[in-house]
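Shown next, in structure tokens, is the structure this report addresses.
These numbers were taken from a predicted model, which means no experiment stands behind them. The chain is numbered in sequence order, starting from 1.
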Amino acid sequence: MGNCSSFSLPKWIFGDLHSNGMVSIEEDGTHDGIKTIRIQKACEFTTSSVLCVCIITWNMNGKMSVQDLRKLVSSTRKFDLLVVGLQEVPKCGVEQVLQEAMADTHILLCQKAMQSIQMFLFGAKSSESYIKEMKVDKHAVGGCGGVIGRKKGAVAMYVNFSGIRMVFVSCHLAAHEHKVEKRNSECRHISHSLFSKNDIHYAKSADITVWLGDLNYRLEGISSMPARKMIEENRQSKLRDRDQLLQEAEKGQVFNGYCEGTLSFKPTYKYNVGSSNYDSSYKIRVPSWTDRILFKVDHSSGLDAVLSSYEALDCVSSSDHKPVKAHLCLKAFYKQLLMC
């Protein structure tokens, strides 16, 4: 399907890279925070793109909805790889439902679970032969897990797909508005721990690193009702300056040098289950963009990433979170290719 039917990469893609760490969220020296990038609507899936990857994150709130799981992957499948990261996953057949939903076009290439945190990698049916290496890892930072499904930490995949080295980290971090530093600390522990077990190979950086999940950063300095009024008036862009994740990245605490699409969709938490209405419980939580997808490209690999979509799936309503989906197209620097 798509690019996989004629997948070919230049030899320079296979060159060794030099970096501090495989899933690093920090950089030495100055910090620029998270770079907000615009969406480029046109995805050149069958032409100039080297590889197209669809990425989805969803906190299921411990509830199983076959219909909603199918909705996650029901859109036009103009991608080579699909990464699905789930949090608070119930103890039932999520893997089987996803496999059945994807069966016509894609196969399950890899999966990793740590109790309620799970991640799945699907590829086009012709893609298995392009997998040169695959590793998985996990790191727990707290939470109970078990029946109530609140395990905290991350699961990760390293995939060498025809010479493109990719890392996907699906995480679930500490809850509550005031636990900003705890979330920062968990990010750092996860970053330093994954793929670090005495394996020299994994001291090298990936060509692209993607973090997805319920990062749990909240809006700060605004109460619930004013925030909701701004959202109702479609002025949620005014809330970005109050987003803790962007604030902490700006300070150089986490995700320095990463990119994210514009937060043009409504905050994804917290909703009344079964609806698209925000929390009406006695807590009346402030809506927040807890669910995020961030990525960083090592440009020395000769690759760049184009973000063709970044959106929340409002049609999914079985959880108190809305899923978030991104579509990344990896491209080669043609000027560099001509020089090699």
Side-chain angles (χ1 to χ4, degrees), residues 1-5 39-46 49 51-90 92-113 117-128 157 168 170 210 212-214 261 263-269 271-277 289-293 295 306-329:
M1 176 185 176
N3 298 330
C4 287
S5 62
I39 305 301
Q40 298 187 22
K41 291 292 184 182
C43 172
E44 299 170 333
F45 175 61
T46 57
S49 294
L51 185 71
C52 287
V53 185
C54 181
I55 303 150
I56 299 171
T57 180
W58 184 33
N59 183 320
M60 297 181 68
N61 193 32
K63 296 177 173 58
M64 178 66 171
S65 169
V66 172
Q67 181 179 8
D68 277 353
L69 278 172
R70 288 174 177 164
K71 287 179 183 177
L72 286 184
V73 297
S74 63
S75 60
T76 304
R77 295 175 188 168
K78 291 186 176 181
F79 50 78
D80 300 298
L81 299 176
L82 169 68
V83 179
V84 181
L86 303 172
Q87 307 85 44
E88 297 189 21
V89 178
C92 46
V94 169
E95 175 191 339
Q96 181 179 348
V97 173
L98 288 174
Q99 281 189 281
E100 290 174 354
M102 297 295 295
D104 289 344
T105 57
H106 290 68
I107 58 174
L108 182 63
L109 298 173
C110 185
Q111 66 181 71
K112 183 61 177 176
I117 304 172
Q118 300 183 16
M119 184 161 53
F120 304 89
L121 173 67
F122 290 87
K125 289 185 175 181
S126 59
S127 61
E128 276 188 301
M157 295 178 184
F168 301 99
S170 179
V210 180
L212 58 148
D214 180 359
L263 293 170
S264 58
F265 49 85
K266 296 190 296 184
T268 54
Y269 176 85
Y271 287 86
N272 292 328
V273 173
S275 78
S276 290
N277 300 319
W289 287 291
T290 56
D291 310 276
R292 311 289 275 269
I293 300 171
F295 65 94
V306 172
L307 185 65
S308 62
S309 71
Y310 190 44
E311 60 186 325
L313 303 181
D314 194 58
C315 60
V316 173
S317 60
S318 58
S319 171
D320 54 358
H321 291 252
K322 297 297 183 183
V324 172
K325 179 170 71 172
H327 190 112
L328 277 174
C329 291

Quick check: closest heavy atoms across [X] and [Y], and the distance to 0.1 Å?
| X | Y | answer |
| --- | --- | --- |
| V94 | V89 | CG2-CG1, 3.6 Å |
| A312 | T268 | CB-CG2, 3.9 Å |
| V273 | D320 | CG2-N, 4.0 Å |
| M102 | R77 | CA-NH1, 3.6 Å |
| Y310 | I293 | OH-N, 3.1 Å |
| F168 | M119 | O-CE, 3.3 Å |

Should D68 and W58 be marked as a side-chain contact (heavy atoms from CB on, under 4.5 Å) after you check the CA-CA gap, both sets of side-chain angles, and the distance that decides it?
CA-CA 11 Å; D68 277 353; W58 184 33; 3.8 Å; yes

State, with a plain yes or no, whether a side-chain heavy atom of [X] is found less than 4.5 Å away from one of [Y].
| X | Y | answer |
| --- | --- | --- |
| C52 | C329 | yes |
| F265 | V324 | yes |
| V97 | M64 | yes |
| L82 | V73 | yes |
| L81 | L109 | yes |
| Y269 | D214 | no |

Start with the C-alpha gap between V210 and I55, add the side-chain angles, then the distance that decides, and say whether side-chain contact (heavy atoms from CB on, under 4.5 Å) holds.
CA-CA 9 Å; V210 180; I55 303 150; 3.9 Å; yes

Say you draw a straight line from [atom1] of [X] to [atom2] of [Y]; how long is it, rounded to the nearest 0.5 Å?
| X | Y | atom1 | atom2 | answer |
| --- | --- | --- | --- | --- |
| F120 | I56 | CZ | CD1 | 12.0 Å |
| K125 | T105 | NZ | OG1 | 7.0 Å |
| E88 | M60 | CD | CE | 10.5 Å |
| Q87 | N61 | CD | CG | 11.5 Å |
| H327 | L307 | NE2 | CG | 9.5 Å |
| K71 | L313 | NZ | CG | 10.0 Å |

Side chains of K322 and S276, donor plus acceptor under 3.5 Å:
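There is such a pair (donor and acceptor under 3.5 Å, judged by atom type) between the side chains of K322 and S276.
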
Taking atom types as modelled, is there a side-chain donor on S170 or Q118 under 3.5 Å from an acceptor on the other?
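Their side chains do not contain a donor-acceptor pair, so the 3.5 Å distance test is not met.
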
Is the side chain of T57 donor-acceptor paired with the backbone N or O of D291 at a distance under 3.5 Å, no angle test?
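No; zero donor-acceptor contacts below 3.5 Å.
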
Can any side-chain N or O of T76 pair as donor or acceptor with the backbone N or O of K78 at less than 3.5 Å?
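No, the answer is negative, given that no donor and acceptor are paired below the 3.5 Å cut-off.
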
Is the H106 ring parallel, tilted or perpendicular to the F79 ring (thresholds 30°, 60°)?
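Tilted.
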
R292 and L263: side-chain contact (heavy atoms from CB on, under 4.5 Å), yes or no, with the steps?
CA-CA 9 Å; R292 311 289 275 269; L263 293 170; 3.5 Å; yes

Verdict with reasoning, K63 to S319, per side-chain contact (heavy atoms from CB on, under 4.5 Å)
CA-CA 7 Å; K63 296 177 173 58; S319 171; over 6 Å; no

